[in-house]
Amino acid sequence: MGAYTTRVLRLFDLIDTSKNGYIDREDLPRGDGSADAQAQRDQIVHALIMGFIKAGDANMDTRVTKDEMLACVEKTMIGKSVSGTPAYIREVPAGVFKLMDTDGNGKVSKGEFEQYLRARNVTDPNAAREFARLDRDGDGSLTVDDLNHANHHFFTAPEVDVPELWLLAAVSA
């Protein structure tokens, strides 16, 4: 099993909140529609689930198994560029960026990144290291483009150690 396969299966397990072995409508967030951070997170997860159902449901039963999700990732992302990432996958970094950029200046500082992780109960000691790895130009801030590259890397990289806390925090209930 490749490293990206392990990451995709970890993501599957986080999205499958009903724990029925499928990603389906049962796993859609049931938020109240408010405009807070939880509602924004719910929109990200909703788009991701519906995107995987639409793109990955090979047998058309309105749900996606782990094998179907892996096949979908392999078909739509492996060997493709960042710009070729499916739209429903690109919505994740865009949505997460909005959650992180609390001051609205179009950049995410290390403090905003850490605040985002803390708000999602992520206390991993690798968070500071992850920020540095996400910051591709080393300017001390993250852009949507940084997250788009990290997102693509999460789904396609053969390496074991890729930035993932930011993404897994976004889909964790």
Side-chain angles (χ1 to χ4, degrees), residues 1-80 82 84-100 113 116-124 126-127 130 134 144 147-173:
M1 184 180 325
Y4 78 86
T5 302
T6 302
R7 289 188 299 272
V8 170
L9 292 177
R10 191 174 317 124
L11 179 65
F12 181 99
D13 288 340
L14 287 172
I15 296 172
D16 179 19
T17 57
S18 65
K19 302 303 178 204
N20 64 1
Y22 301 98
I23 293 176
D24 56 21
R25 291 181 179 271
E26 284 185 48
D27 302 310
L28 291 173
R30 305 202 193 302
D32 62 8
S34 64
D36 65 359
Q38 184 62 38
Q40 291 175 355
R41 177 256 174 218
D42 289 352
Q43 290 173 346
I44 293 165
V45 174
H46 187 278
L48 191 60
I49 289 172
M50 294 309 295
F52 273 122
I53 291 172
K54 183 176 180 181
D57 181 15
N59 64 1
M60 305 301 284
D61 64 355
T62 69
R63 56 191 188 177
V64 175
T65 65
K66 288 180 179 184
D67 287 340
E68 285 175 320
M69 185 169 170
L70 286 170
C72 178
V73 167
E74 288 173 4
K75 178 182 172 187
T76 62
M77 296 190 69
I78 302 299
K80 307 277 191 324
V82 173
T85 303
Y88 68 94
I89 300 287
R90 283 193 317 264
E91 288 183 39
V92 174
V96 171
F97 187 82
K98 287 180 186 177
L99 287 172
M100 287 183 188
F113 179 76
Y116 161 80
L117 292 178
R118 274 193 310 274
R120 279 144 197 82
N121 299 314
V122 176
T123 57
D124 192 304
N126 292 318
E130 181 158 308
L134 289 168
V144 173
L147 294 184
N148 279 324
H149 278 80
N151 193 47
H152 183 266
H153 207 62
F154 176 90
F155 283 102
T156 63
E159 299 89 7
V160 172
D161 187 26
V162 302
E164 62 182 21
L165 294 174
W166 71 275
L167 175 60
L168 298 178
V171 300
S172 295

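Each residue takes its place number in the sequence, starting with 1.
Residues F12 and R7 form no side-chain contact, since every pair of their non-hydrogen atoms from C-beta on lies 4.5 Å or further apart. Contact annotation: the side chain of V92 approaches that of L167 to within less than 4.5 Å [non-hydrogen atoms, C-beta and beyond]. With contacts defined as side-chain heavy-atom distances shorter than 4.5 Å, the pair L70/T5 qualifies. For the pair L11/M69, a side-chain contact is recorded, criterion being any heavy-atom separation below 4.5 Å from C-beta on. You'll find the side chain of R120 reaches within 4.5 Å of the side chain of L99, heavy atoms only.
Checked by atom type, the side-chain pair T123/N121 shows no donor-acceptor distance below 3.5 Å. For the residue pair D36 / Q40, no side-chain donor-acceptor distance below 3.5 Å is found, with atom types taken as modelled. Of the N and O atoms on the side chains of T65 and D67, not one donor lies less than 3.5 Å from an acceptor on the other residue.
Nearest heavy-atom pair, A169 versus L117, reported as atom, atom and distance to 0.1 Å: CB-CD2, 4.0 Å. V64 and G56 get closest at one heavy-atom pair: CG2-C, 4.1 Å. Across M77 and T156, no two heavy atoms sit closer than the pair O-CG2, 3.6 Å.
Here CD of E26 is found 11.0 Å from CD1 of I49. Values are rounded to the nearest 0.5 Å. Summarising the geometry, atom CD1 belonging to I53 is positioned 6.0 Å from atom CZ belonging to R25; distances are rounded to the nearest 0.5 Å. Rounding to the nearest 0.5 Å gives a distance of 10.5 Å between CG of L134 and NE2 of H153. Rounding to the nearest 0.5 angstrom, the gap separating the CG atom in L28 from the OG1 atom in T17 is 8.5 Å. Between atom CH2 of residue W166 and atom CZ of residue F154 there is a gap of 8.5 Å, rounded to the nearest 0.5 Å. To the nearest 0.5 Å, atom OG1 of residue T62 and atom OH of residue Y22 are 10.5 Å apart.
Applying the ring-ring contact (aromatic ring centres under 6.0 Å, His included) test to residues at least two apart or on different chains, none of the pairs has a partner in residues 58-78. Residue pairs meeting the ring-ring contact (aromatic ring centres under 6.0 Å, His included) criterion with at least one partner in residues 60-80, sequence neighbours excluded, are absent.
Put simply, the side chain of D16 never gets that close to the backbone of I23: no donor and acceptor are under 3.5 Å apart. H152 places a side-chain N or O within donor-acceptor distance of the main-chain N or O of K80, the cut-off being under 3.5 Å. Put simply, the side chain of N151 gets close to the backbone of I89: a donor and an acceptor are under 3.5 Å apart. R41 places a side-chain N or O within 3.5 Å of a backbone atom of V171 that can act as its donor or acceptor partner. Under the 3.5 Å distance criterion, the side-chain polar atoms of E130 are left unmatched by any main-chain donor or acceptor of A127.
In this structure, F52 and F155 have tilted ring planes: the angle between them lies in the 30° to 60° band.
Under a cut-off of 6.0 angstrom, the local environment of NZ in K54 is sparse, with at most 12 non-hydrogen atoms contributed by other residues, nucleotides or ligands.
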Query raised in the report: Yes or no on side chain to side chain contact (heavy atoms under 4.5 Å, CB included) for N59 and E68, after CA distance, side-chain angles and deciding distance?
Result: CA-CA 9 Å; N59 64 1; E68 285 175 320; 3.2 Å; yes
Report task. Could you go through the salt bridge (Lys or Arg N to Asp or Glu O under 4.0 Å) check for D13 and K66 one step at a time? Result -> CA-CA 9 Å; D13 288 340; K66 288 180 179 184; 3.1 Å; yes
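For R63, the salt bridge (Lys or Arg N to Asp or Glu O under 4.0 Å) criterion is met by D61, not counting sequence neighbours.
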